[in-house]
2 protein chains.
Amino acid sequence: MVTRQQLAQRPGRTRAERGSISAEQILAGAKALAQEIGLDALSMPRLAAHLGIGVTSIYWYFRNKDALIAALTVDAARSFHPLIVPAAEGTWQDSLFETFTRLREAMRADDLACDLLFMRGARAGEDALAYFWPGAEAGLARMVAAGFTPAEALQNITILSLYNRGCVVLERQMRRAGVAPDVPTPVPADYPLLSAALEHQNTRGVSDEAHAAQLRAIIEGMALRLDARKAAHP
Amino acid sequence: MVTRQQLAQRPGRTRAERGSISAEQILAGAKALAQEIGLDALSMPRLAAHLGIGVTSIYWYFRNKDALIAALTVDAARSFHPLIVPAAEGTWQDSLFETFTRLREAMRADDLACDLLFMRGARAGEDALAYFWPGAEAGLARMVAAGFTPAEALQNITILSLYNRGCVVLERQMRRAGVAPDVPTPVPADYPLLSAALEHQNTRGVSDEAHAAQLRAIIEGMALRLDARKAAHP
DNA sequence: ACCTGAACACCGTTCAAGT
DNA sequence: ACCTGAACACCGTTCAAGT
């Protein structure tokens, strides 16, 4: 047990010089510490100790803890924007598949970003949203070239985004709860269809194979709908 | 400002009689209080004051706050299980559409359940999962009768569940952040496709119309995939 | 067996003060 | 202008005690 007084009076802690602290440093320290101990465990005293400064010094750069979290959220959103750019080659189907596979993988590898962007976190803000536009526009262009209207193309992106968000949130919850993803769900024999279907699937997460298959199924459905519309109104 | 001492020493507060407190009462009080002030603001002292008992009395019935939250989560999961039952009549498409429309509406009307089941919350536990099985089995049966394999049918349900979860989480986040859902997203003119598509859509939530259209699009894609497979392997 | 307050180690934030 | 500790109202939890 380390009390707050002990933290502040740690040997080797001297008063920080004027100008020796910056908002960027605090933010970087908060990010590193949150990645280490988890967003829930991040506290102002812990952060101050991590940075070797007084607790209240943080308040000169961030109005309160919410403002600090908001800044972390914007940072997380920004770090994901390069992932939105669709591949230069291939069909619109492949492009969507790759983009959303990449996004899920990145999210799964970054619990902090997950928590900030999807779980408890604040919004990233309009400015962070702007980072996503170039990639989204390029993705839309692909689909419009294939025959979708802009509204249909955006609907496709929205569906895949929301599906992916659902995946990411479910997986994050399971990880947080410490549930092993590959343990099969036991189903009583009263439910023959469920039993049959769950033999090679489970409810505690989405395996890479299942995610890939589901993405492909959704995208194939979009392609078939486009074909059907083209056939109806040639 | 009401201090903890003042809470405990409120006039009219007498020592509760033996057997006058029950786990059910505490749970009901916690649920009501959390619905009123929000899950984040729920604290043991606040709950005790709400129930008119001493703070530490809660600990006789629940090992700690996590256990209390877990019980709330199971309760929330259980209250949703009647919503899973598919309608008795109509196509499998209509049945899926109605079920997931109903679920989203119920979730949007219940912030507490949202927070417990999807956001920060713990898992509901395997026993709560069992409540979903009868409805899921009935839904699977519909689709299998239409020609899907059990695995395909479960994939369909999974896709819609994850899509819906994504919707619900996004909407909860916007509500929490106090963002008005119908304010259109401003897009600079550099992105003509996005601008065109966002004229009748927005990024701050999913309108009822958009949700309905997206559900229908996903389900129609499933139907077309089934047709295509039947045509290929008659 | 059941209910309790005192006590403890935390937390976020304000404020008056140092440099 | 920037950095600080003391102080305050919280929080979750333990513990020894009441009934």
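Below, chains carry the letters A, B, ... as their sequence lines are ordered, and counting in each starts from 1.
- Nucleotide C:dG12: paired with D:dC8 (Watson-Crick or G-U wobble, both distances less than 3.5 Å).
- Distance check: A:Leu116 CG to A:Ser79 OG gives 9.5 Å after rounding to the nearest 0.5 Å.
- Counting heavy-atom neighbours within 6.0 Å of A:Tyr61 OH, excluding the residue itself, gives a total above 12.
- Nucleotide D:dG18: paired with C:dC2 (Watson-Crick or G-U wobble, both distances less than 3.5 Å).
- Nucleotide C:dC15 holds its P atom 14 Å from the CG atom of A:Asn64, rounded to whole Å.
- B:Leu47 has its CG atom 14 Å from the C1' atom of D:dC11, to the nearest Å.
- The CG atom of A:Leu51 lies 6.5 Å from the CD1 atom of A:Ile58; values are rounded to the nearest 0.5 Å.
- The interatomic distance linking A:Tyr61 (OH) with D:dC2 (C1') rounds to 6 Å, in whole Å.
- The separation between B:Arg15 atom CZ and C:dG5 atom P is 8 Å, rounded to whole Å.
- For the OP1/OP2 pair of D:dG5 and a distance below 4.0 Å, the side-chain nitrogens and oxygens of A:Thr56 include no atom meeting the criterion.
- Here B:Asp111 does not pair with B:Arg176 in a salt bridge; the nearest charged N to carboxylate O distance is not below 4.0 Å.
- Contact of A:Arg18 with D:dC3 (side chain to base): no donor-acceptor pair of N or O atoms is detected under 3.5 Å.
- Rounded to an integer number of Å, the gap from B:Trp60 CH2 to C:dC3 C1' is 10 Å.
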